[in-house]
Amino acid sequence: MKKNVKTNTCLIPLQGLGVVPGPIGIFDSGYGGLTILEKIRTELPEYDFVYLGDNARTPYGTRSFDVVYKYTLECVTKLFEMGCQLVVLACNTASAKALRTIQQHDLPLLDANRRVLGVIRPTVEAVGAMTKSKHIGLLATTGTVQSNSYPLEIQKLYNDVIVTSEACPMWVPLIENNEYLSKGADYFIRKNVLHLIESDAQIDTIMLGCTHYPLLEDKIKSLLSERIQVVSQGEIVARSLVDYLQRHPEMDERCTKNGSIRYFTTESVEKFASSASVFLNDEIQAEHIDLG
Ligand code: DGL
């Protein structure tokens with residue numbers, strides 16, 4: 001987790017705005033969070049959502065703690081300004097490197113009634129219960145692997161489970177550039193997956209610890225024996241959000257429910273709309289947003 005937090009002088013308290021219900025914010029560095037959003041909307045079709053992809057600055061996975069924290073905080077603040085009372089970081093890298101600091105340091109300054117949730121804890125809760133051999137493999141960005149967040153969270157809940165991690169720095173760029181079906185992509189996918197299972201032959205469960213990776217799920221499975229299960233996060237995070245809203249009716253009341261969705265990107269709207277349609281299998285309209 002981030003240490004030596006510097007006070008962000010740009011933070012403007014939002015409490016004065018009062019509690020006005022709003023959409024649920026879903027954030028990712030790029031398109032990956034769409035895999036989570038899709039499953040969340042299946043579980044919660046009546047809710048309103050705002051998706052924010054920081055495509056202009058993706059990937060986050062190879063960036064430092066300070067930079068990921070700064071970028072994530074800017075995006076969360078923007079979603080708050082758009083009226084979101086609840087934001088989900090649908091990005092493992094941001095959840096690993098920024099969530100704790102935002103929850104503990106920034107939320108009390110911005111608006112202590114709003115909430116920011118991540119994807120690592122619910123994934124760990126689910127996956128730890130799925131392994132029989134007690135050996136789990138993690139495929140994730142360099143940033144998520146270096147943060148050690150997954151092994152640390154697993155240790156808290158399942159101290160008999162061993163996590164072996166494999167950083168896959170090429171995967172997000174290949175997906176963001178729509179090259180993930182190419183032969184070049186096959187080379188990198190094979191290299192990382194085989195290295196992971198060679199590192200621990202007892203792995204029976206592999207977590208896809210990056211929200212971009214569900215697009216590679218079939219390719220990953222084709223490299224593995226059937227005794228190894230591959231787990232994507234979308235349904236896990238969606239069920240966890242449903243559970244959260246049931247346990248927090250005061251937050252549920254602050255989420256508007258007209259079944260709407262708006263997509264915002266820090267990059268070109270045309271590029272976002274065409275790539276997002278690959279993730280969602282659907283045509284979408286995107287809007288540009290400046291974070292400054
Ligand atoms: N989808 C993000 C994640 O889950 C990708 C991070 C990146 O931009 O490298 O980690």
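We're numbering straight along the sequence, starting at 1. Whatever order the structure lists them in is the order used to number ligands and atoms, beginning at 1. Being a predicted model, the structure only gives us computed values, none of them experimental.
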Judging by distance only, is a nitrogen or oxygen of Asp28 under 3.5 angstrom from one on ligand 1?
yes
Side chains of Thr35 and Thr211 only: does a donor on one sit below 3.5 Å from an acceptor on the other?
no
May I ask whether Cys91 has any heavy atom positioned less than 4.0 angstrom from an atom of ligand 1?
yes
Heavy-atom nearest neighbour in the protein, as seen from atom 10 (O) of ligand 1, with distance rounded to 0.1 Å:
Thr93 OG1, 2.7 Å
For ligand 1, which atoms sit closer than 4.0 Å to a heavy atom of Ser29?
5 (C), 6 (C), 7 (C), 8 (O)
Taking non-hydrogen atoms only, is Thr211 closer than 4.0 angstrom to ligand 1 via side chain, backbone, both or neither?
both
Tyr158, Ile120: one ILVMFWY side-chain cluster at the under-4.5 Å cut-off?
yes
Assess whether side chain to side chain donor-acceptor pair (under 3.5 Å) is satisfied between Gln202 and Ser133, documenting all intermediate values.
CA-CA 7 Å; Gln202 293 186 66; Ser133 69; 5.9 Å; no
Against the six-membered ring of Phe80, is Arg114 placed for a cation-pi contact (under 6.0 Å from the centre, within 45° of the normal)?
yes
Between Tyr69 and Asp106, do the side chains contain an N or O donor and an N or O acceptor separated by less than 3.5 Å?
yes
Please identify which atoms of ligand 1 are closer than 4.0 Å to at least one heavy atom of Asn92.
3 (C), 4 (O), 10 (O)
Can you list the atoms of ligand 1 that are under 4.0 Å from a heavy atom of Cys210?
1 (N), 2 (C), 3 (C), 4 (O), 5 (C), 10 (O)
Atom 9 (O) of ligand 1 sits nearest the protein heavy atom Gly61 N, 2.7 Å
May I have the step-by-step check of salt bridge (charged side-chain N to carboxylate O under 4.0 Å, His left out) for Arg239 and Glu43, ending in yes or no?
CA-CA 7 Å; Arg239 283 198 302 268; Glu43 291 286 340; 5.6 Å; no
For side-chain contact (heavy atoms from CB on, under 4.5 Å), just list the numbers for Leu224 and Ile220, CA-CA rounded to whole Å, side-chain angles, deciding distance to a tenth of an Å, and then say yes or no.
CA-CA 7 Å; Leu224 298 168; Ile220 295 167; 3.9 Å; yes
Pairs of nitrogen or oxygen atoms closer than 3.5 Å, one from Thr141 and one from ligand 1: do any exist?
no
Against heavy atoms of Thr58, which atoms of ligand 1 measure under 4.0 Å?
8 (O)
Using the ring centroid of each side chain, check whether Tyr213 and Trp171 are separated by less than 6.0 Å.
yes
Test your reading of the structure: does Thr62 have an N or O sitting under 3.5 Å from an N or O of ligand 1?
no
Could you pull out, from Tyr60, Tyr71, Trp171, the option with a heavy atom nearest to atom 7 (C) of ligand 1?
Tyr60
